[in-house]
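The structure presented is a predicted model; accordingly, all values stated were derived computationally and were not measured. Heads up: numbering here begins at 1 and tracks the sequence.
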Amino acid sequence: MPRGGAETVPPGDTHAVTYDLAVIGAGSAGLAGAVVADRLGLRVALLDSSGEVGGQFYRHPAPALGAVRPEALHHDWDAFAGLRRELADSGVVHLAGHHVWTLARDGELWAVHAVTGADGDGERPVCVRARTVLFATGAGERQLPFPHWTLPGVVGAGGAQAMLKSGLALPGRRIVVAGSGPLLPAVAASLAAAGARVPAVVEASGYLRYARSPAALAANPRKLAEAATYGAALLRHRIPLRTRSAVTEVHGRDRVEGVTVCRLDRDWRPLPATAGRIDCDALAVGHGLVPQIELATGIGCATRRTDDGAYALVVDAFQETSVRGLWAAGETGGVGGAQLARVEGELAGIAAAARVRGQETHLRGSRARALRRRRARMRAFATAMARAHAPGRDWTEWLDDATDVCRCEEVTAGAVREAVRDYGARDARTVKLLTRAGMGWCQGRMCGAAVTCLASRAGTESAGEAPPPAPERRPLAAPVSLAALAALRPDGLPAEDEPHPE
C-alpha cells in the first residue's frame, strides 16, 4: 500500500476495501502490531472506540484542555510517542470511534462489525472485512465489592488515573488508594503529584510474594527500577503503605467521608480486632486487571486460567489464537504491562504479514527471535505478578448480606447466598437466572467476578477449594441497539454497504 501518512477515517466510513489485517484496539499492542504489519506491506485497518490512539494506559488530555506536559502523567511516554509518529507516517487506516461488537466469518474473510460514535450512540452499523484480525482489546479493572462501595466518591483505581490523565481532574482532595496490584503505587504517586492528599495505600497482598520468583525478578531489572521509582514517590509524598490490609467498609451519607481498613490473614479473611478508620473524601480501589476477551471467546478462541483467577486467550509462539487467522497481543493473553504489549503486538504483526504474504522467513528472522526472547522474559515476570496479587479465597467474608454485589440490578450478597443455599445454584449462570445479577447495562463486567466467587465458595464450602468459573462467551461484546441490528441485511452486512471487492 502506498505510504504517505496514516488516514483517520470518520466514524462509519470504512471505504469499500478488503484489508489484510484488522487490528481491534489502539493501545500499545494494537499500535505496535499495526505499524509493523504496514511496514511489511499489509493493508491495515486500526479500529478503536476512542477518538485518540493510546488505549487506557496512554490516555492523554484533549488539546482543548491546554496541558503543557501531558507526558508528565505517564511512564515510558517516549515509547508511545514513537509509535504514534510511526502511525502518522504509515499507510494504516485509523477507524476512530468504532465500537466493535462481534466478529463473523464472511467467506474467506473476517467481518468485523461495529457501531460508531461516542459510546456507540451514533448507532450506525459498519462492517470492516479483513483476511486476518489482531485482538488488542486490553483489560478492565477487577472490582471486589464491600459494604457501601456504591457511595459517590468511590471510583476505580484505574478510573481515578484515567480522570487525571484525560481530564486533568481528581475524584477528591483526600483520596485513599486501595485494592491489590502494581497499579496502586502508580495511581497514588500520580494523584499526589497532582495535588491530592493520599492518607494511605492499602494493599491486600504482600510484596514479599515476589521473592518466590527470583529468576523472573533477576531477568527484569527494569521492573525493579520502576518499583523503586514509585516507592521513592510514596516516601517523598509521605504516603504510608499498608500491606495485607483491605478497605472493608465505606462510611458517609451522600458521599464518602471515611473508610474502615482491616488487616487480612493469608486468605484475605478480615481480622476485626485490627479495624481502624481513615477519613477521606474519595476512595480509588481496584483489585488488578482482567483481560477483555469477549470478542475472541464469542468466535470460539480457547482460553486459559491465569494465576490470579482470571481468564486469558491461549496463543502460540507467534501470538496466534486457537482459531486460524486470529491473533491476540497484550493484556488479552494475560496482564503484563505496556512494554510486553508492544513486544507481543510487533510479533503478531510480523506473523500476520508472514501468513498473508506467504513469507514464512519473517518468522525465522533475527527480529522475531529477539522478540520471542523478550516476551518469554517479561511473561515470566507477569506470571510472578499475578501470583503475588491473586485474590485470597476468603475475601467474600468482607460482605454482609445487605452489600450490593450487582449494582445495575441492585442484587445483594444476601440474595446471591440465598440462591445458593435455598435454591441450589452452584455457578454464576444459575445465580444470574435466579437473581438477575449480571443482567444489567454492564452485563456482568463489574460484578461477574464477585458473583462467581460467592456462588462457587458457598457451593463448595464442604469440598474445600472452589472450582474455577467458566469464562463468559457472549454473541455481543458491546452494547448495540435493536435499530442498529435491524439495519443489517440478511447476510449480516449493513444495508447501505456493498460487498467489498477482493
Distance-minimising heavy-atom pair for [X] and [Y]:
X	Y	answer
Trp101	Leu295	C-CD2, 3.8 Å
Ile175	Pro199	O-CD, 3.3 Å
Val343	Leu371	CG1-O, 3.4 Å
Arg174	Cys280	O-CB, 3.2 Å
Leu283	Ala178	CD1-CB, 4.0 Å
Glu294	Ala477	CB-CB, 3.9 Å

Hey, does the side chain of [X] reach the backbone of [Y] with a donor-acceptor pair shorter than 3.5 angstrom?
X	Y	value
Thr435	Val431	yes
Lys165	Phe57	yes
Arg369	Arg373	no
Asp427	Ala455	no
Thr412	Ala415	yes
Asp400	Thr403	yes
Ser322	Ala302	yes
Thr452	Gly448	yes
Asp267	Arg269	no

If only side-chain N and O atoms count, and only distance matters, is there a donor-acceptor pair under 3.5 Å linking [Y] with [X]?
X	Y	value
Gln319	Arg375	yes
His389	Tyr207	no
His251	Thr260	yes

Solution key, residues 234-247 side-chain donor-acceptor pairs under 3.5 Å, sequence neighbours excluded:
| unit_1 | atom_1 | unit_2 | atom_2 | d |
| --- | --- | --- | --- | --- |
| Ser245 | OG | Thr243 | O | 3.0 |

Measure the shortest side-chain to side-chain distance between [X] and [Y] over non-hydrogen atoms and say whether it is less than 4.5 angstrom.
X	Y	answer
Glu141	Leu289	yes
Val202	Val176	yes
Ile293	Thr137	no
Leu454	Arg417	yes
Trp268	Ser205	yes

- line: To the nearest 0.5 Å, atom CG of Leu183 lies from atom OG of Ser190 at 9.0 Å
query: With the threshold set at 4.0 Å, does a side-chain nitrogen-carboxylate oxygen contact exist between Asp281 and Arg173?
result: no
Check ion pair Arg379-Glu344 (N to O, under 4.0 angstrom): yes
message: So for atom CZ, which belongs to Arg255, do other residues, nucleotides or ligands contribute more than 12 heavy atoms lying within a distance under 6.0 Å?
response: yes
N/O donor-acceptor pairs under 3.5 Å from side chains in residues 143-152, not counting sequence neighbours:
| unit_1 | atom_1 | unit_2 | atom_2 | d |
| --- | --- | --- | --- | --- |
| Gln143 | NE2 | Val285 | O | 2.9 |
| His148 | ND1 | Val250 | O | 3.1 |
| Trp149 | NE1 | Asp404 | O | 2.6 |

query: Between Arg372 and Phe318, is NZ or CZ placed under 6.0 angstrom from the six-membered ring centre and within 45° of the ring axis?
result: yes
